[in-house]
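What you see is a predicted model; the values in this text were computed from it and never measured. Residue numbering restarts at 1 for every chain, and letters A, B, ... go by the order of the sequence lines.
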Amino acid sequence: MSAGPQNAVVKEIPPKAADLSAWYTAACLKAELVSYSPVRGCVVLRPAGFGLWENLQRELDARFKATGHENAYFPLLIPESLLMKEAEHVEGFAPEVAWVTHGGQEELTERLAIRPTSEVIIGTMYAQWVQSYRDLPILINQWANVLRWEKATRPFLRTMEFLWQEGHTAHASAEEAREETLRMLDVYRDFAENVAAVPVYAGVKSASERFPGAVETFAIEALMPDGKALQSATSHDLGQNFARAYDITFADVDQQIKHAYTTSWGMSWRMLGAMIMTHGDDRGLRIPPKMAPIEVVFVPIVRTNDDRAIAACREAADTLKAAGFRVRVDVRDEQPGWKYSEWDLRGVPVRVEIGPRDVDAGTAVLVRRDRAKGDPQQKQSVSVEALQRVLPALLDDIQRSLYAQAKQFLDERTIAASDRVSFYEMCKNRAGMIDVPWCARPECEAHVKEETGATTRLLRDLAAGATACIPCGEPAKVNAYFAQSY
RNA sequence: CGGGGCGUAGCUCAGCUUGGUAGAGCGCUACGUUUGGGACGUAGAAGUCGCUGGUUCGAGUCCAGUCGCCCCGACCA
């Protein structure tokens, strides 16, 4: 592991602005979200990290259910012959598929792929389940792990094995499938912005960025502090491509046998990486309250011959717990200051300090993680009875303020380039989301990528009055956000 | 997979140039004093120097190979 410079504020992690990569890795490890494991490219998700994942699951799952989906589970292993059926799909994933070749000592007659994604196995099952238009739509999601043989890995952002959810739906018409694709894209946008407090752009991908086998790929894209974009979820309109390859057919109302239209959509634990990088500061993580496994941590201040604060914290915490707050009381035998720093590092949104003076006065000190040390609004004293009343608004305010800070950054770093030279410069310098009229030609995108490392992140309708592609000068067809990406 | 860097105590690292049998700070354990933004004292435990092989009387140090991690590129949630 690289050393990284020491820092007066937090000794465990380097300053965020100096080296985002070093900060990020240290933050994930020191906040005990993940540990590296003996398996190359695979991390252990520790309780603090799994708590984030559980909250993501809870929030997303509720949205899936609300839009009519059900959960199911499909096998990890995919027979090679099945995988080979969709040509583009196979080609796209071939380099990152891991194979099971032996069962015990015996070599298998057919290799089994460890799923890099589940279109194949799910499509195969849908083919069996669908006979009639009355069987449609099928709206299924699965929470699962997948494996992709990656060369360079980083916690959450890219690991060989990762957790995600993948929704797979089948519909009777192209329109309905497209509607579903966009609906789920909006669910992701809503989750990213309103739960993870990560502002994103949502839109369609260029041809070169399309999912292998999809007709159209949509995505949400966030902008990290170093100016690189991070694709945080995708939603694919698969048209009839997979239905043809896996023979998902149905008799329609008009008595014609037709291929179904399918979609797939996924968000992985990469979203957690986006959230961590977006909100963290030099003291460590800043977890948005809606995602925080612990919303409020109590730190009692104990003096020799006076440990009344412990009982006071426990009592207040019990009341809050009963009211539905996620709380913890830190009774470890450490200095209060040490605990403050540690809970700062772990990103708990609100800390409540209760010491002898508070016990006497019936008060508690509320400290919000989103504000800097020394900010007059970082701390406030309230009566213990008022906690339950004050906290919802405080947590909500922290949630909003984290989003607002990130939104301001995204807005400031979304920049229109007006000529070719400045466009290439901005791409190279990771200026942010570079917004330009674009010709939509793959050759043009390839050239930009070769010169600057940037690609289109999302496309949208051509801005009014725009005529020429900024990168190459050909007639413009759409507007595109260009950026380097993770 | 290319280019660069790094693997020595739980963590951060020194020691390697010039081979001679293992070090520091922090952390950890026990006891005591402390406790409102990373406390202090006393005593103690802790490393087959990533792994394998080679050179040598002798290897953390030299040589070869290998595994892993980090950074920068190329490829992808």
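Separating the CG atom of A:Leu29 from the P atom of B:U12 is a distance of 9 Å, rounded to the nearest angstrom. When the P atom of B:C70 is taken as reference, atom CZ of A:Arg154 falls 8 Å away, rounded to whole Å. For the pair A:Met184 CE and B:A77 P, the computed distance is 18 Å after rounding to whole Å. Going from atom CZ of A:Arg210 over to atom P of B:C75 covers 18 Å, rounded to whole Å. Spacing between atom CG of A:Leu157 and atom P of B:C70 amounts to 11 Å, rounded to whole angstrom units. Spacing between atom CE of A:Met275 and atom C1' of B:A77 amounts to 17 Å, rounded to whole angstrom units. Between the P atom of B:C1 and the CZ atom of A:Arg148 lies a distance of 20 Å, rounded to the nearest Å. Separating the CD atom of A:Gln165 from the C1' atom of B:A77 is a distance of 11 Å, rounded to the nearest angstrom.
The partner of B:A9 is absent, by the rule that a Watson-Crick or G-U pair needs both atom distances under 3.5 Å. A 3.5 Å limit on both hydrogen-bonding distances identifies no Watson-Crick or G-U partner for B:G27. The partner of B:C62, taking Watson-Crick or G-U wobble pairs whose two distances both stay under 3.5 Å, is B:G54. Taking a pair to require two hydrogen-bonding distances under 3.5 Å in either a Watson-Crick or a G-U wobble arrangement, B:A39 pairs with B:U33. Base pairing of B:A46 is not made with any nucleotide, judged by Watson-Crick or G-U wobble geometry with both donor-acceptor distances under 3.5 Å. Checking B:C1 for Watson-Crick or G-U wobble geometry (two distances, each under 3.5 Å) identifies B:G73 as its partner.
Residue-level contact check: A:Gln231 touches the backbone only, with heavy atoms under 4.0 Å from sugar-phosphate atoms and none from bases. A:Pro38 comes within 4.0 angstrom of nothing in the nucleic acid, heavy atoms only. In this structure, A:Tyr486 reaches the bases: a heavy-atom distance under 4.0 Å links it to at least one base atom across the strands shown. In this structure, A:Arg430 reaches the sugar-phosphate backbone alone: every heavy-atom distance under 4.0 Å involves primed, P, OP1 or OP2 atoms, never a base. Among the protein residues, A:Gly355 comes within range of the nucleic acid bases, having at least one heavy atom under 4.0 Å from a base atom. A:Val299 comes within 4.0 angstrom of no nucleic acid atom, judged by non-hydrogen atoms across all strands. Heavy atoms of A:Gln378 sit under 4.0 angstrom from at least one base atom. Within 4.0 Å (heavy atoms only), A:Val367 reaches at least one base atom of the nucleic acid.
Remark: the A:Glu216 side chain and the A:Thr181 side chain contain no N/O donor-acceptor pair separated by less than 3.5 Å. Of the N and O atoms on the side chains of A:Arg189 and A:Asn194, not one donor lies less than 3.5 Å from an acceptor on the other residue. For the residue pair A:Glu353/A:Tyr340, the side-chain donor-acceptor check at 3.5 Å is satisfied.
For B:A43 and B:G7, the P atoms lie 33 Å apart once the distance is rounded to whole Å. B:G20 and B:U56 are spaced 12 Å apart, taking the C1' atom of each and rounding to whole Å. Using atom P as the reference point in both B:C11 and B:C72, the two lie 23 Å apart (nearest Å). Distance check on atom C1': B:A22 versus B:A14 gives 12 Å, rounded to whole Å. Comparing B:G38 with B:A74, their P atoms sit 44 Å apart, to the nearest whole Å. Here, B:A59 and B:G53 have their C1' atoms 13 Å apart, quoted to the whole Å. If you take atom C1' in B:U52 and the same atom in B:G68, they sit 15 Å apart, rounded to whole Å. Between B:C16 and B:C63, the distance separating the two P atoms is 14 Å to the nearest Å.
In this structure, A:Arg351 does not reach the B:G37 phosphate: none of its side-chain N or O atoms is under 4.0 Å from OP1 or OP2. The phosphate of B:C71 (OP1 or OP2) has a side-chain N or O of A:Thr25 nearer than 4.0 angstrom. Taking 4.0 angstrom as the limit, A:Gln335 places none of its side-chain polar atoms (N or O) nearer than this to OP1 or OP2 of B:C40. Remark: A:Ser341 is not in phosphate contact with B:G37, judged by side-chain N or O atoms under 4.0 Å from OP1 or OP2. The shortest distance between the side-chain N/O atoms of A:Thr159 and the OP1/OP2 oxygens of B:A77 is not below 4.0 Å. At B:A74, none of the side-chain N or O atoms of A:Lys449 fall inside 4.0 Å of OP1 or OP2 (strictly under the cut-off).
Set against B:G36, B:A74, B:G37, the side chain of A:Ala152 has B:A74 as its closest nucleotide. Of the candidates B:C69, B:A77, B:U35, B:C69 carries the atom nearest the A:Arg40 side chain, counting heavy atoms from C-beta on. When distances run from any side-chain atom of A:Gln484 to the nucleotides B:U34, B:G73, B:C11, the shortest one goes to B:G73. Comparing B:U34, B:A77, B:C72 by their closest approach to the side chain of A:Ser21 singles out B:C72.
Judged by closest nucleotide on RNA chain B, A:Glu342 is the one of A:Glu342 and A:Lys228 placed further toward the 5' end. Nearer the 5' end of RNA chain B, as judged by each residue's closest nucleotide, is the contact made by A:Gly41, out of A:Gly41 and A:Glu96.
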Legend entry - Evaluation steps, side chain to side chain contact (heavy atoms under 4.5 Å, CB included), between A:Trp438 and A:Cys444: CA-CA 9 Å; A:Trp438 183 50; A:Cys444 175; 3.3 Å; yes
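Aromatic stacking is not marked for A:Trp338 over B:A39, as the cut-offs of 5.5 Å for the centres and 30° for the planes do not both hold.
Test A:Trp269, A:Trp164, A:Phe74, A:Trp53 against A:Trp143 for ring pair (Phe, Tyr, Trp, His ring centres under 6.0 Å) and you get one pass: A:Trp53. With A:Cys28 as the partner, the side-chain contact (heavy atoms from CB on, under 4.5 Å) test is satisfied by one option alone out of A:Leu157, A:Ile13, A:Val34: A:Val34.
The aromatic rings of A:His236 and A:Phe211 sit parallel, their planes meeting at an angle under 30°, below the 60° perpendicular limit.
For B:G2, the base has no donor-acceptor partner in the side chain of A:Lys151 [N/O atoms by modelled type, under 3.5 angstrom]. The base of B:G38 has none of its N or O atoms less than 3.5 Å from a complementary donor or acceptor on the side chain of A:Arg283.
With ring centers used as reference points, A:His89 lies under 6.0 Å from A:Phe242.
Using a 4.0 Å cut-off between charged side-chain N and carboxylate O, A:Arg183 and A:Glu180 make a salt bridge.
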